[in-house]
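Just so it is clear, the model here is predicted, and its values are computed rather than measured. These numbers come from the heavy atoms of this one structure, side chains and all, not from hydrogens, waters or symmetry mates.
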Amino acid sequence: MTTIQFKGNPIHTVGALPQTGTQAPDFTLVNGELAEKSLSDYKGKFVILNIFPSVNTGVCAASVREFNKDAASIDNATVLCISKDLPFAQSQFCGAEGINNVTMLSDFRTDFGHQYGVQMADGPLQGLLSRAVVVINPEGKIIYEQQVPEITEEPNYEKALAAIQ
């Protein structure tokens, strides 16, 4: 269990992020076409997991926009934006925003939040995913992870991107 904050109030996740240097756990999530996608589908690439509560909030939307901008200039890498939002809402957001350099994936029917220790266990956002970033190298090892300590703050984009350069 990890203690984070939501507007200064302590809340907890169901676990902790997998540690740097460990093999990234495989997962199955759902894309905009309702097809299942796994981490193994991206084998041989750097993978940035941008994990957040809901694309319909300002900070979450900002993280998708920022990683979309950054992803356009990264070779041999893909950015997976992961939330519990329904795939329809994720697709609608991307269409309205012109987001096309990241892949939106939904945890609405999987156990990703438990596998990666990021599902919030209590507080007003209980059941949603916390804000975190995980960077995985082409061999499947975690080379960077950040559990953002305050849900209302953005992740450290620069450190996440520096991990793959």
Side-chain angles (χ1 to χ4, degrees), residues 1-6 10-57 59-61 63-64 67 71 74 76-91 93-94 102-151 153-157 159-161 163-164:
M1 181 179 298
T2 300
T3 300
I4 56 176
Q5 294 189 0
F6 176 62
I11 57 174
H12 305 92
T13 61
V14 298
L17 283 173
Q19 294 184 346
T20 300
T22 64
Q23 192 70 28
D26 200 8
F27 55 77
T28 301
L29 296 163
V30 181
N31 71 11
E33 289 78 43
L34 301 178
E36 292 185 345
K37 297 298 280 182
S38 298
L39 177 58
S40 57
D41 293 330
Y42 304 95
K43 188 174 175 128
K45 289 185 164 198
F46 285 98
V47 178
I48 299 172
L49 306 180
N50 176 31
I51 306 161
F52 52 88
S54 175
V55 75
N56 289 318
T57 67
V59 177
C60 300
S63 74
V64 173
F67 276 119
I74 304 171
N76 196 37
T78 190
V79 177
L80 306 180
C81 293
I82 303 167
S83 69
K84 287 222 180 236
D85 292 303
L86 291 176
F88 314 112
Q90 292 175 334
S91 295
F93 171 81
C94 289
V102 299
T103 300
M104 299 294 285
L105 295 173
S106 176
D107 181 31
F108 85 104
R109 67 177 181 208
T110 70
D111 63 350
F112 173 84
H114 284 269
Q115 287 176 291
Y116 275 72
V118 294
Q119 185 164 315
M120 288 183 268
D122 54 24
L125 301 178
Q126 180 179 351
L128 295 178
L129 305 179
S130 63
R131 186 173 320 286
V133 175
V134 177
V135 180
I136 303 164
N137 72 13
E139 292 77 40
K141 297 267 187 192
I142 295 173
I143 57 173
Y144 174 82
E145 53 89 3
Q146 178 196 18
Q147 173 64 72
V148 179
E150 168 59 60
I151 290 289
E153 295 177 2
E154 293 182 58
N156 190 323
Y157 305 109
K159 283 188 178 179
L161 296 171
I164 62 175

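Here the CD atom belonging to Gln5 is positioned 10.0 Å from the NE2 atom belonging to His12, to the nearest 0.5 angstrom. Note that CG of Leu29 and CZ of Phe108 are 10.5 Å apart. Values are rounded to the nearest 0.5 Å. Rounded to the nearest 0.5 Å, atoms CD (Gln126) and CG (Leu128) are 9.5 Å apart. If you take CD1 on Ile164 and OH on Tyr144, they are separated by 12.0 Å, rounding to the nearest 0.5 Å. In this structure, OG1 in Thr103 is found 12.0 Å from CG in Asn50, a value given to the nearest 0.5 Å. Atom CG of Leu125 sits about 4.5 Å away from atom CE of Met120, to the nearest 0.5 Å.
Among all heavy-atom pairs drawn from Phe46 and Ile143, the shortest one is CE2-CD1, 3.8 Å. Of all the heavy atoms in Val47 and Leu49, the pair that sits closest is CG1-CD2, 3.7 Å. The two atoms that bring Gly140 and Gln23 nearest to each other are O-NE2, 3.3 Å, heavy atoms only. Residues Gly127 and Lys84 approach most closely at O-CE, 3.0 Å, considering heavy atoms. When all heavy atoms of Ile4 and Ser130 are compared, the closest pair comes out as CD1-CB, 3.7 Å. Ile11 and Gly123 make their closest contact through CG2-CA, 3.7 Å (heavy atoms, listed as atom of the first residue, atom of the second, distance).
Counting only heavy atoms from C-beta outward, the side chains of Cys60 and Ser83 never approach each other to under 4.5 Å. Arg131 has its side chain within reach of Pro155: a pair of non-hydrogen atoms, C-beta onward, lies under 4.5 Å apart. With a 4.5 Å cut-off on side-chain heavy atoms, Lys37 and Leu80 do not count as touching. By the 4.5 Å heavy-atom criterion applied to side chains, Leu161 and Val135 are not counted as neighbours. Using a 4.5 Å heavy-atom threshold, the side chains of Val55 and Cys81 count as separate.
Side chain of Ser38 to backbone of Ser40: no donor-acceptor contact under 3.5 angstrom is found. Looking only at distances, no side-chain donor or acceptor of Gln90 sits under 3.5 Å from a matching main-chain atom of Gly32. Using modelled atom types, no side-chain atom of Thr2 and backbone atom of Thr13 make a donor-acceptor pair closer than 3.5 Å. Using a distance-only test at 3.5 Å, with no hydrogens or angles considered, a donor-acceptor pair links the side chain of Gln146 to the main chain of Asn156.
Ala132 meets the side-chain contact (heavy atoms from CB on, under 4.5 Å) test with Leu17, Ile51, Val118, Gln147; sequence neighbours excluded. Remark: Tyr116 pairs with Phe27, Phe112 by the ring-ring contact (aromatic ring centres under 6.0 Å, His included) rule, at least two apart or across chains. Every residue two or more places apart in sequence or in another chain was checked for a salt bridge (charged side-chain N to carboxylate O under 4.0 Å, His left out) with Asp85, and none qualifies.
In summary, of the residues considered (Leu129, Val64, Ile82), a side-chain contact (heavy atoms from CB on, under 4.5 Å) with Phe52 occurs for Val64 alone.
Listed by first and then second residue, the salt bridge (charged side-chain N to carboxylate O under 4.0 Å, His left out) pairs that reach into residues 109-129 come to none, sequence neighbours excluded. Applying the salt bridge (charged side-chain N to carboxylate O under 4.0 Å, His left out) definition to pairs two or more places apart or across chains, none involves residues 24-36. Sorted by first and then second residue, the salt bridge (charged side-chain N to carboxylate O under 4.0 Å, His left out) pairs involving residues 134-151 (not counting sequence neighbours) form an empty list.
Between the side chains of Asp107 and Thr110, at least one donor N or O lies within less than 3.5 Å of an accepting N or O.
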